[in-house]
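All heavy atoms count here, side chains included; hydrogens, waters and symmetry mates do not. Being a predicted model, the structure only gives us computed values, none of them experimental. Whatever order the structure lists ligands and atoms in, that order sets their numbers, starting from 1.
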Amino acid sequence: MSRFLAAAAICLFALTLVAPATAAGDPEIAALQVGLRQKGFYAGTVDGVLGESTANAVRRLQRRARIDVDGVPGPRTKAALGLFGKRSPLGKRILVADARGWDVAALQFALASHGFPSGNFDGYFRVSTERALKQFQVWAGLPADGRAGSVVVTALKAPAPTCPVTLAPPVAGPYTDVFGPRGNRFHGGLDYPAPSGTPVSASAAGRVTFAGWSLGGWGNLVVVAHAAGARTSYAHLSQIGVRVGQPVESGQRLGRVGSSGNSTGPHLHFEVHLRGAAVDPLSGLRR
Ligand SMILES: [Zn+2]
């Protein structure tokens, strides 16, 4: 390797170490993180990024397994994860309900990154994973058979969808938690912490398709349908000021911030969906 290439490789490696947690993480690294979590070597976020904390967890596993301690997850490191690690990588077998292992964890992470989260990243192909897989198959125009073979794996390599409409901020004020991995789950929207009663407004013109109490933890929820198959959702409201079927303008008041449903404090949980897939609201939000 030339000196230049070596320097470039070191730069790339350094970049990898400081890469932020994003929805564009590598499903194979996410599966490694799930395996490390299950063995008690990693307590960080399952973000698909081989950062310093993940490399340190790999080193702890390597030390325990008495193999070369280099922080690089090679075949012997995967083997040290037992049966879980043997199921690597995603795509080597067709995944169906009740499957377990590395490849299932990678599938769960890839589905979430494409807008179909299914609860905990745990490497178990249960009902929630099957439901998310079938939703993705419908979304991608594939037969919804709940089987993840090479066609599904290839479809999941395409870039995740983005928001096709321009969005105004639904709350005046900053957001905190973003769209992406959070712990060993996936946060499907943006959180705007704000005092209870803060006005919540429509992010774009559209028509109200849901306004009321939602099962599933969202509390008082408003959903607005927009052009191009986009929908915005406004959850945990303390008050709802619109009704189903009502047309709304961008910036029109929909309700007020609250903490209804499964929420630990007053905030707006804001989601954007495109034909059923959760997409990163930041891809549409006007800056
Ligand atoms: Zn949230």
Side-chain angles (χ1 to χ4, degrees), residues 20-25 30 44-49 108-109 111-122 128 131-132 135 160-163 165 167-204 206 208-226 230-240 242 253-274 276-287:
T22 68
T45 297
V46 177
D47 58 7
V49 177
Q108 290 170 326
F109 186 84
L111 286 170
S113 300
H114 281 75
F116 298 95
S118 62
N120 291 345
F121 298 129
D122 59 7
S128 59
R131 191 185 309 125
Q135 287 169 343
T162 56
C163 180
V165 295
L167 304 172
V171 169
Y175 53 81
T176 50
D177 281 20
V178 295
F179 178 90
R182 185 163 77 178
N184 70 335
R185 296 173 70 88
F186 196 90
H187 185 239
L190 284 183
D191 285 345
Y192 289 84
S196 200
T198 302
V200 172
S201 54
S203 264
V208 176
T209 58
F210 187 92
W213 184 262
S214 159
L215 299 175
W218 300 125
N220 289 317
L221 174 74
V222 171
V223 180
V224 180
H226 310 284
R231 280 169 193 252
T232 49
S233 305
Y234 311 78
H236 307 308
L237 302 176
S238 59
Q239 182 255 331
I240 291 175
V242 289
R253 174 92 54 90
L254 299 174
R256 293 181 181 278
V257 169
S259 191
S260 59
N262 186 6
S263 164
T264 52
H267 74 287
L268 176 73
H269 175 87
F270 175 62
E271 287 198 6
V272 182
H273 285 84
L274 177 64
V279 300
D280 187 348
L282 292 181
S283 66
L285 263 183
R286 184 157 46 74
R287 305 296 171 102

Handout entry: Contact flag D177/the Zn ion (ligand 1), N/O/S atoms, threshold under 2.8 Å
Key = no

Problem - Heteroatom of D191 nearest to the Zn ion (ligand 1) (N, O or S, atom name) - result: OD1

Problem - Straight-line distance of L274 CG to C163 SG, nearest 0.5 Å - result: 7.5 Å

Practice task
For the atoms ND1 of H269 and NE2 of H187, give the angle they form at the Zn ion (ligand 1), rounded to 10 degrees.
Solution key: 100°

Contacts table for residues 167-179: side-chain donor-acceptor under 3.5 angstrom, sequence neighbours left out:
{"residue": "D177", "atom": "OD2", "partner": "R182", "partner atom": "NH1", "Å": "2.4"}

Problem - Pairing residues for S201 by the side-chain contact (heavy atoms from CB on, under 4.5 Å) criterion, not counting sequence neighbours - result: none

Handout entry: F109 and F121 aromatic ring geometry - parallel, tilted or perpendicular at 30°/60° bounds
Key = tilted

